[in-house]
Amino acid sequence: MTSQIDRAARVYVSGHLGMVGSAIVRCLERNGFTNLLTATRAELDLRDPATVDQWFRQARPEYVLHAAGTVGGIQANSTRPAEFMYDNLMIHATVLRSAWQHPVKKLLYLGSSCIYPRDCPQPMREEDLLSGPLEPTNEAYALAKITGLKSCQYYRQQYGCNFVSAMPTNLYGTNDNFDLESSHVLPAMINKFHQAKLAGSPEVSIWGSGSPQRELLHVEDLAEACLFLLENYEEPQTINVGTGQDVSIAELAALVGQIVYPEAKLVFDRDKPDGTPRKLLDVTRIHHLGWKHQIELADGIRSTYQWFLENLPAKSAAHK
Ligand SMILES: NC(=O)c1ccc[n+]([C@@H]2O[C@H](COP(=O)([O-])OP(=O)(O)OC[C@H]3O[C@@H](n4cnc5c(N)ncnc54)[C@H](OP(=O)(O)O)[C@@H]3O)[C@@H](O)[C@H]2O)c1
C-alpha cells in the first residue's frame, strides 16, 4: 500500500546527530518535509521513561523514525556488553511505549543484520530471525535489538499500533564513527590506511584472516529506504535493507587501500577475531516492493573518505 506522507507532518527522528539519524534528516529535508522534530541526548535522554513520556506529550509527533541506539564494532560490543544491553533495551522500551500512549500514525524501528543467527543460511531471510544461536561477540546488542523488533510486533498485536521494523545491513558514510577503538570495519579501515599514509608506514594491519564476507550499504541509501518503507510498508514482519551483494574483508581492504593509500601492503592479524563468517541479506522482499540501492561501494568509499578529510581534520591529521 502506497501513501504519500503529508510533507508538513510532525516527524520525529531520534538519534538525529548520529550517522543514520543525520542521513534520515537530510533525506526528509531533500524530500520536502518541513516539520522535523529532533532532540539531543542532553535535552532528551531516551533511557528515561518519564522524560520521554513528557517529550512525546508536548511534541506530539505523528511519525517516528527511531534511529537512536548504542552501536559499535566488535571491540566495543565485546568489552561493553552490559552497556549495549541496557541502553538499547531502554531506548526502544521508552520510545515505543510513548509512541503508543501518545498515538503516532506510524513508527519505523531499525534492527541490524548482525542480529541474525551466527550460522544463518546465506543470504539471510527475514524468517531466519531467532532460528539459531547468536554471534557471541555482539550477543548483548543483538538480544536488545531483537526485543525491539518483537516489541513492534507486540504493540501491533495488542494495541493495533502501526509500528514497522527494518533490518539494515552494515552501513557506512557521512558522520560515520572513525575511532579505531569503537568503529565498524569500513570506517576503521579508512582511518587506518589514512594514518599509515600520514606516518609513511609501509604496511596496514587488518583484523582477522580477511576471509569473512560483508555487505555494505551507504547510509544515504538507507535513509531513502526508511522514507520508502514509511510510505510503502505496513507488515508486522521486519524487512531487510541491503544491497544483496557482499565482498570479503580482504577485497574490501584492497579497495580502501586503492582509494586511500595504494602504496600500502596489507597484513592480516590472525590473532584478532573474525566475527561472523558471512552476513549477506536476502533483499528480495524490498526489491519486489520497488526499492533498490543507488550508491555503489567504490563510489561510496571515495565520498566517505572525502568527507573524513573535510570534516575530521583533527583525526585525519592525527599523526602529522
Ligand atoms: N551503523 C550501522 O552500521 C548500523 C547498521 C544497522 C543498523 N543500525 C542501527 O541504526 C541506528 C543508529 O545507528 P548509527 O550508526 O547512526 O549510530 P550513531 O552514529 O552512534 O548514532 C546514534 C545516535 O543515538 C543517540 N543516542 C544514543 N543513546 C542515546 C540516549 N540515551 N538518548 C538520546 N539519544 C541517544 C546518539 O546521541 P549522541 O549524539 O549524543 O551520542 C546518536 O545521535 C541504531 O539503532 C543501529 O542499531 C546501524
Side-chain angles (χ1 to χ4, degrees), residues 12-27 37-52 55-56 64-74 76-77 80 83-96 98 107-116 124 138 140-149 151-152 165-179 181-189 214-223 225-226 229 238-243 275-276 279 281 293 300 304 307 311-312:
Y12 171 44
V13 182
S14 72
H16 71 290
L17 296 177
M19 177 171 67
V20 172
S22 61
I24 291 175
V25 166
R26 287 191 298 278
C27 167
L37 307 174
T38 56
T40 63
R41 184 197 295 254
E43 293 160 342
L44 177 63
D45 186 337
L46 294 171
R47 294 168 300 184
D48 179 352
T51 312
V52 175
W55 188 87
F56 267 75
V64 176
L65 287 149
H66 189 24
T70 294
V71 307
I74 295 179
N77 265 281
R80 294 159 40 208
E83 195 182 327
F84 273 72
M85 171 67 90
Y86 178 81
D87 285 1
N88 287 305
L89 275 180
M90 292 305 289
I91 285 171
H92 73 68
T94 58
V95 170
L96 267 55
S98 292
L107 174 145
L108 174 68
Y109 175 83
L110 295 177
S112 172
S113 62
C114 66
I115 73 181
Y116 279 113
M124 301 181 286
N138 66 5
Y141 174 76
L143 286 170
K145 297 295 288 186
I146 289 169
T147 65
L149 292 175
S151 296
C152 288
S165 66
M167 203 76 112
T169 190
N170 301 296
L171 305 170
Y172 72 98
T174 305
N175 279 330
D176 215 334
N177 169 15
F178 292 87
D179 183 325
E181 296 296 307
S182 60
S183 57
H184 287 121
V185 59
L186 179 53
M189 272 186 196
R214 289 291 179 271
E215 177 187 16
L216 292 140
L217 178 71
H218 197 284
V219 71
E220 302 296 337
D221 273 334
L222 186 260
C226 289
L229 292 173
T238 192
I239 184 159
N240 289 340
V241 185
T243 63
T276 311
K279 286 193 343 179
L281 290 179
H293 75 283
T304 302
W307 183 88
N311 291 275
L312 297 173

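Positions are given from 1, in the same order as the sequence printed here. Whatever order the structure lists ligands and atoms in, that order sets their numbers, starting from 1. What you see is a predicted model, and the numbers here were worked out from it, not measured in a lab.
- Heavy atoms of T169 come nearer than 4.0 angstrom to ligand 1 in at least one pair.
- Ring geometry for F84 against Y141 counts as perpendicular: the plane angle is over 60°, on a 0 to 90° scale with 30° as the lower cut.
- Within the 4.0 Å heavy-atom cutoff, D87 does not count among the residues contacting ligand 1.
- Only backbone heavy atoms of A67 (N, CA, C or O) come within less than 4.0 Å of ligand 1; its side chain stays farther off.
- Among protein heavy atoms, atom 7 (C) of ligand 1 sits closest to G111 O, 3.1 Å.
- A salt bridge is defined here as a Lys NZ or Arg NE, NH1 or NH2 lying under 4.0 Å from an Asp or Glu carboxylate O, and K279 with E215 fails to meet this definition.
- Backbone and side-chain nitrogen or oxygen atoms of S113 are examined, and none is located within less than 3.5 angstrom of a nitrogen or oxygen of ligand 1.
- Only the side chain of Y141 comes within contact range of ligand 1, with a heavy atom under 4.0 Å; no backbone atom does.
- Residue K145 has at least one nitrogen or oxygen atom sitting less than 3.5 Å from a nitrogen or oxygen atom of ligand 1, judged on distance alone.
- When the options M19, H184, H16, R41 are ranked by their closest heavy atom to atom 36 (C) of ligand 1, first place goes to R41.
- Closest protein heavy atom to atom 34 (N) of ligand 1: L46 CD1, 3.9 Å.
- Residues Y172 and H184 keep their aromatic ring centres 6.0 Å or farther apart.
- What sits closest to atom 20 (O) of ligand 1 on the protein, heavy atoms only, is V71 CG2, 3.6 Å.
- Scanning all protein heavy atoms for the shortest distance to atom 39 (O) of ligand 1 gives L17 CB, 3.8 Å.
- Close N/O approach between D45 and ligand 1 is found [any backbone or side-chain N/O within under 3.5 Å].
- The aromatic rings of H66 and Y109 are tilted relative to each other, their planes meeting at an angle between 30° and 60°.
- Nearest to atom 43 (O) of ligand 1 among the protein's heavy atoms is G18 N, 3.1 Å.
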